[in-house]
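To keep things clear, I will list the structure first and then write my remarks on it.
So you know, we letter chains A, B, ... as the sequences are listed, proteins then strands, and number each from 1.
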Protein chains: 2
Amino acid sequence: MATIYDIAKKAGVSTATVSRVINGVNHPIKEETRQRILQIAQELNYRPNAIAKSLAGGKSHTIALLIPSITNDFYTQICEVIEEKLEEKGYHTYLCNTRRNVEKESRYVESLIARQVDGVIFSPTRVKPQDNQVNLDNIDKLRKNGIAVVAFGSQFKGVSQIYINTYKGAFDATRYLISLGHKRIGFIDGLSAGTRKSRRRGYIKALEESGIGFDPWLVTAGNLQMEDGYACAYKLLSLENPPTAILAANNLMAIGVLKAARDKGLNVPGNLSVIGFDDSLLSKVVDPSLTVIKQPLKEIGEAAVNLLMNQLEGNQKHETIQLETRIVRRQSCGNPKERG
Amino acid sequence: MATIYDIAKKAGVSTATVSRVINGVNHPIKEETRQRILQIAQELNYRPNAIAKSLAGGKSHTIALLIPSITNDFYTQICEVIEEKLEEKGYHTYLCNTRRNVEKESRYVESLIARQVDGVIFSPTRVKPQDNQVNLDNIDKLRKNGIAVVAFGSQFKGVSQIYINTYKGAFDATRYLISLGHKRIGFIDGLSAGTRKSRRRGYIKALEESGIGFDPWLVTAGNLQMEDGYACAYKLLSLENPPTAILAANNLMAIGVLKAARDKGLNVPGNLSVIGFDDSLLSKVVDPSLTVIKQPLKEIGEAAVNLLMNQLEGNQKHETIQLETRIVRRQSCGNPKERG
DNA sequence: CTCCTTTAGGAAACCGCTTACCTCAATTAT
DNA sequence: ATAATTGAGGTAAGCGGTTTCCTAAAGGAG
């Protein structure tokens, strides 16, 4: 591997000059010298050593993406746009999969500090699936080591973040169902979702605003898996006065609802309307395809990169960007009057 | 950030001693000194700088995972096990998403060399979706720079690799359908799949072996998306003597087949049996759930790590590990005699 | 009481690159 | 004509570790 020294020697200049040429630093260099150096670098198949560069320069030009799951569409789609944007800006991205494991997350954070990443885009894992707390120490630790941080997936304090208005998402979904004529609307909440409370608030608000009022019997919660959706829906549908529509906190649970409906002999959307949160291939592929509240994945990724860049340019203020959801109508919702 | 110098000064020793203690190097150190250094390191909240370490030591303890897609279950599941295994062994993993873009892949390779990764687990992208060639230069470049490489997803020469016996997979799938009584079996091949030829060979072999023989009219190919599966299936089902079973080269296309069958008014598995390649949540969630040829994701990941470790331990030989597929029976296959 | 090993630790070169500070000649300004 | 700039490049001190030699004392063998 050729180094800057090899080039310097061959060109009869100092390494400083070579470094300047290679990096296009703002320092006068004779055009002829520049050409010669570039030429030699080419000949020697020179490739700057990123490690040495980071050590000397204090910047690694690497940012890390710390996410709870890499097998979940929601995250991977965000990842794709973040990675794309970041590459445009000359950054390399470390993709770190915490698998919702708090210790693993901490290990990653340590490792990222040791590796001197310039910034981290972070969707922290909740400490216990049951509650809503995340380990803020990790964010602190990163920041104390001079690493820029942008968070998403929940609401945090003292850090730049992307906040998705799931309150309004749930509100809109519920209102949509109401507009179709539904009066008994079930809600399957997500136990470990970071935005749990606000979703529920949106749901309740829509019911109250329309004068229907909130029936606690129609609210359950599951652990975001298909089976949970199935179980919760089964319970709801077994009530003596069952809902005519169900809103589920994510698409996996919504698919569980679909299965429960089928097992109960209910036609969707004929006898039951179903609406999910999150959009993904799954929602399109199931039969009937799912009407969902779509989160603005692309915008999340772009906003995250923008906030991070702001910080990397020295802006110390914490900014919060709020993004809205959008309803995507497919086949799973209909008019309740059709019901036998 | 505390450095090894700070510790050395505070402990009244040289940096050499500190380095030895921190790394547990095989060099005699008085127990008392060791304790003191460890103690001070703790107090100073010392965290070794991975960058400096890499530069000095020539090893980054990082390996890269270069894959065509991060939104594809097939790859992400492999990633999870690789990352897990690698972490156990003390390696950090860079996850690089090439998005099936050859230039991007090359850029990544350059960057990985500059970053001095110790090894790469690589599923190369085909140069043109249509043909079966990959850019072997990238593998070469990596190896020339002393980076260990393990490849998977196709068949390569001159590199350690995991080879999945899709020939046998297709053979088994076809034979399974034959054993159910099917005589007209359609095949939807994948245009850009790395294992295209062998799949087709397996399909043909099974047909010939059973005496049914191969009818070229029953073979088409699509670009691995749902729409392609739909289109191909629609064509097959519109033949005057349509197939009673269809084998698709991946699960997305198999789902497309399901949709086409529905639109054609055919019941699956009553009137048409469908079998897909690759297993994923999708296959379980669709209705009817898909019978598939499952690739041994976990084993692929484990084998890849093992091969890589072999190389990192100095073993220069190229090894190939062949892994077998397995059929997972669900609801989409049945007996053809039931057909009206 | 020597001579050889071990044990414990230090000095400093090196990894490849950046950058603050210099130098010196050629211009330009006054 | 002299001082002040500017252009072009060099010197060398880091960045934070690792590692190869060394040294010196203590223990053991003969």
In whole angstroms, the gap separating C1' of D:dT19 from CD1 of B:Ile29 amounts to 13 Å
Taking C-beta and beyond as the side chain, do B:Asp278 and B:Gln295 meet within less than 4.5 Å on heavy atoms?
yes
Separation of A:Glu103 CD from A:Thr125 OG1 (nearest 0.5 Å):
10.5 Å
Ignoring backbone atoms, establish whether B:Thr17 has a side-chain N or O less than 4.0 Å from OP1 or OP2 of C:dG9.
no
Rounded to 10°, tell me the angle between the two end axes of the helix from C:dC1-D:dG30 to C:dT30-D:dA1, each built from five pairs.
40°
Name the closest nucleotide to the B:Ala52 side chain, picking from C:dG16, D:dA12, D:dG16.
D:dG16
Between A:Ser19 and C:dC17, is there a contact of a side-chain N or O with OP1 or OP2 at under 4.0 Å?
no
Sub-4.5 Å side-chain heavy-atom contact between B:Ile70 and A:Leu95:
yes
If I compare all heavy atoms of A:Gln155 with all of A:Gln161, which pair ends up nearest, and what's the gap?
CA-OE1, 3.5 Å
Counting only side-chain heavy atoms from C-beta out, which of D:dG10, C:dG16, D:dG16 sits nearest to B:Thr3?
D:dG16
Distance, rounded to the nearest Å, where B:Lys30 contributes NZ and C:dT7 contributes C1':
10 Å
Heavy-atom closest pair, residues A:Ser60 and A:Ser54
CA-OG, 3.4 Å
Atom-pair distance (CD1 on A:Ile51; C1' on D:dG16), nearest Å
13 Å
Are the side chains of A:Thr71 and B:Gln77 in touch, meaning some heavy atoms are under 4.5 Å apart?
yes
Contacts to DNA chain C from residues 33-49 of chain A, heavy-atom cutoff under 4.0 Å, which residues?
A:Tyr46, A:Pro48, A:Asn49
Expressed in angstrom and rounded to an integer, what is the separation of B:Lys59 atom NZ from C:dC14 atom P?
21 Å
So for A:His27 and D:dG9, does any side-chain atom that can act as donor or acceptor lie under 3.5 Å from a complementary atom in the base?
yes
Would you say the side chain of B:Arg20 and the base of C:dT7 hold a donor-acceptor pair, judged only by whether the two atoms sit under 3.5 Å apart?
no
So, do B:Tyr46 and B:Ile7 sit near enough that their side-chain heavy atoms are less than 4.5 Å apart?
yes
Interatomic distance, A:Leu55 CG vs D:dC15 C1' [rounded to whole Å]
4 Å
Would you mind checking if A:Glu110 and A:Arg107 are paired as a salt bridge, meaning a charged N to carboxylate O distance below 4.0 Å?
no
Nucleotide D:dG17, atom P - distance to CZ of A:Arg115 in whole Å:
14 Å
Electrostatic pair B:Glu84-A:Lys104, nearest N-O below 4.0 angstrom
yes
Which one, D:dG10, C:dT7, D:dA8, comes nearest to the side chain of A:Pro28?
D:dA8
Figure out the CD/C1' separation between A:Glu32 and D:dG9, and round it to whole Å.
13 Å
Check whether any side-chain nitrogen or oxygen of A:Asn23 sits under 4.0 Å from OP1 or OP2 of C:dC17, and answer yes or no.
no
Hey, are B:Arg100 and B:Glu105 close enough for a salt bridge, meaning a charged N less than 4.0 Å from a carboxylate O?
no
Which part of the nucleic acid, if any, lies within contact of B:Val13, taking any heavy atom under 4.0 Å across all strands shown: a base, the sugar-phosphate backbone alone, or nothing?
sugar-phosphate
Separation of A:Lys53 atom NZ from C:dT19 atom P, in whole Å?
10 Å
